[in-house]
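Computed from heavy atoms alone, side chains included, the values below leave out hydrogens, waters and symmetry copies. Every chain is numbered from 1, with letters handed out A, B, ... down the list of sequences.
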2 protein chains.
Amino acid sequence: MATGRTHRPATRSRGIPEATVARLPLYLRALTALSERSVPTVSSEELAAAAGVNSAKLRKDFSYLGSYGTRGVGYDVEYLVYQISRELGLTQDWPVVIVGIGNLGAALANYGGFASRGFRVAALIDADPAMAGRPVAGIPVQHTDELEAIIRDNGVSIGVIATPAGAAQQVCDRLVAAGVTSILNFAPTVLSVPDGVDVRKVDLSIELQILAFHEQRKAGEEAAAGTAAVPAATREQSATDQGPDGDVPAVMPA
Amino acid sequence: MATGRTHRPATRSRGIPEATVARLPLYLRALTALSERSVPTVSSEELAAAAGVNSAKLRKDFSYLGSYGTRGVGYDVEYLVYQISRELGLTQDWPVVIVGIGNLGAALANYGGFASRGFRVAALIDADPAMAGRPVAGIPVQHTDELEAIIRDNGVSIGVIATPAGAAQQVCDRLVAAGVTSILNFAPTVLSVPDGVDVRKVDLSIELQILAFHEQRKAGEEAAAGTAAVPAATREQSATDQGPDGDVPAVMPA
DNA sequence: GTCTGTGAATGGGTTCACAGCT
DNA sequence: AGCTGTGAACCCATTCACAGAC
């Protein structure tokens, strides 16, 4: 779209590196913001700053998708938005179910970022009969008994688990048995799944513990450096590369 | 504690790899579960399975902390729990503030995983005057105006941002100015912070987009492989190595 | 015999630096 | 002259495989 590029993807080889995949949503967000401001083109330097990465990495990442830029000029914003969306599979509609409608489940149901990027909350499911029928974010909560039917009827392939830890594996098993092949797990447990099913986890307390580690380190160094060697420097773009596994999240086909 | 080990940390060199740090909380969780079941020792193989990693990685990780195992036997559970806790800085109390008490903020406030691991919610802060005084998770919400005073009075160094994207940078600036040096950001924005401040981000929609990418890939391959080449295999431990930044989350001193 | 701790080998990802297109 | 695209170098992380401690 936009400037009619005549490129064919060329090296449409298999395999975009996992680390690159994990950054595509970041680029997409930055590009969407530019698009809304009607900015027509952007350089790797500018876009990298907006996404919080360095420009060499960004160019390398884009090189895996194809040659979508123009030397001496930069990237066409609209065109890139389209290419990345397509690559991520966001040009199609993904119905998702959220299981476990506590505070977190409700937060997820209300989260605008889903709907805006091709994800549609097909159903909210909770084990508590008292929740049944009650609407959350305009969607009525259904009972766990309906889980299998909901998955099948809506062709759901992505499930979100926001239950307590104790229930997570059981819910996971049922989701998988019913046909779900991608799971986003917020429960603090290691889920086991069959081959071919992807699991990504988000764990709030783990993130805090990692911060605590660095925080402790800072405190130690400060003490070691005499009294007040506050390094507090000038405001700059933070890199915070938490990538795969916190780290580079390599979602692997289990 | 437990079996009096006489080791000195020996190679107590600087620098545990970031990828290792990101896994320590995982090991700690698995160990805590074993501890509750009063299991005295555990082999690298068993513990690795419980944490969802392979045993070579686990042993290498532990080797960075020191030689805390016993060849031919395994690791003393209690002793390891203590060592990892200490390494992560969880033997001290970390007061945290949560800013933005919507559904997500409330979910975080109610999340048990915090309190159980040395984190104490020192205050909940929201910009909406209507929220002020209302208790969430037993803690009264305070108005944003109080932010600086709360940080200073409680010696808070870790802040959690659960506000809408638009408010996040501003909140971040105020937190940093007031003395916070570690931030966990749930708002879908890139935050810029001065050197010396760590930021980790958790982005729900990014995780879903990564899943969608793999989901799309699966669908494509399935189609390519004729009709129904469902690989669905036997239930096994899922690796799902999402490490740094989704990837290996390298929290870097910005 | 068992299981840890770790050098060596391998593999991915990031960064550098520049050739090549506009 | 400017900015992309990419080989090459570098660095970090994972995996292998075994020596060494129990």
Side-chain angles (χ1 to χ4, degrees), chain A residues 3 5-7 9-11 13 15-24 27 41-49 52-76 79-80 83 239-252, chain B residues 3 5-7 9-11 13 15-24 27 41-49 52-76 79-80 83 239-252:
Chain A
T3 28
R5 215 43 101 325
T6 352
H7 279 297
T11 6
S13 64
I16 295 170
E18 191 54 39
T20 296
V21 172
R23 281 187 295 267
L24 291 181
Y27 301 143
T41 63
V42 65
S43 70
S44 63
E45 202 67 56
E46 291 163 330
L47 183 54
V53 303
N54 74 48
S55 63
K57 197 186 287 189
L58 178 143
R59 287 198 304 278
K60 180 67 94 175
D61 283 342
F62 285 178
S63 78
Y64 294 117
L65 308 183
S67 290
Y68 294 152
T70 306
R71 292 169 201 235
V73 178
Y75 299 92
D76 181 284
Y79 186 65
L80 250 193
Q83 290 299 343
T240 301
D241 234 311
Q242 48 188 39
D245 194 29
D247 318 12
V248 178
V251 172
M252 30 174 61
Chain B
T3 29
R5 213 45 99 325
T6 352
H7 278 298
T11 7
S13 64
I16 295 169
E18 190 55 38
T20 295
V21 172
R23 281 187 296 265
L24 292 181
Y27 301 142
T41 62
V42 66
S43 70
S44 63
E45 203 67 55
E46 292 164 329
L47 184 54
V53 303
N54 74 47
S55 63
K57 197 186 287 188
L58 178 144
R59 287 199 303 277
K60 180 66 96 176
D61 283 343
F62 286 178
S63 78
Y64 293 117
L65 309 182
S67 290
Y68 294 150
T70 307
R71 293 169 199 233
V73 179
Y75 299 93
D76 181 284
Y79 186 65
L80 250 194
Q83 289 300 342
T240 301
D241 234 312
Q242 46 188 37
D245 197 25
D247 318 8
V248 178
V251 171
M252 31 176 58

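Taking atom CG of L65(B) as the reference point, atom P of dT6(C) lies 11 Å away to the nearest angstrom. Put simply, OH on Y64(A) is 9 Å from C1' on dT6(D), counting in whole angstrom units. Rounded to whole Å, atom C1' of dT4(C) lies 14 Å from atom OH of Y27(B). Straight-line distance from the OH atom of Y68(A) to the P atom of dT6(D): 12 Å, rounded to whole Å. Rounded to an integer number of Å, the gap from CG of L58(A) to C1' of dT6(D) is 14 Å. Rounded to an integer number of Å, the gap from CG of D61(A) to P of dT4(D) is 14 Å. Distance K60(A) NZ to dG7(D) P: 7 Å, rounded to the nearest Å. Nucleotide dT15(D) holds its P atom 16 Å from the CZ atom of F62(B), rounded to whole Å.
The minimum heavy-atom distance linking S43(A) with E46(A) is given by the pair N-OE1, 2.9 Å. Taking each heavy atom of L58(B) and S44(B) in turn, the nearest pair found is CD2-CB, 3.7 Å.
Here N54(A) does not reach the OP1 or OP2 of dT14(C): none of its side-chain N or O atoms lies under 4.0 Å away. A close approach under 4.0 Å does occur between a side-chain nitrogen or oxygen of S44(B) and OP1 or OP2 of dT4(C). Residue Y75(B) has a polar side-chain atom (N or O) positioned under 4.0 Å from OP1 or OP2 of dG5(C).
Closest approach to the S43(B) side chain among dT14(D), dC3(C), dT15(C) is made by dC3(C) (side chain taken as heavy atoms from C-beta onward). Nearest to the side chain of K57(A), among dT6(D), dG5(C), dT15(C), sits dT15(C).
In this structure, V42(B) and A56(A) both approach DNA chain C, and ranking their closest nucleotides by distance from the 5' end singles out V42(B).
Every residue meeting the ring pair (Phe, Tyr, Trp, His ring centres under 6.0 Å) condition with F62(A), not counting sequence neighbours, appears here in chain and number order: Y27(A), Y75(A). Legend: residues meeting side chain to side chain donor-acceptor pair (under 3.5 Å) with T41(B), ordered by chain and number and at least two apart, are absent.
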N/O to N/O distances under 3.5 Å, protein versus nucleotides 18-22 of chain C:
| unit_1 | atom_1 | unit_2 | atom_2 | d |
| --- | --- | --- | --- | --- |
| dG20(C) | N3 | R71(A) | NH1 | 3.2 |
| dT22(C) | O4' | R71(A) | O | 3.3 |

Sub-3.5 Å pairs of nitrogen or oxygen atoms, protein against nucleotides 9-12 of chain C:
none

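Rounding to the nearest 0.5 Å places CZ of R23(B) at 12.0 Å from CD1 of I16(B).
Taking 4.5 Å as the limit, every side-chain heavy atom of D61(B) sits out of range of all side-chain heavy atoms of V53(B).
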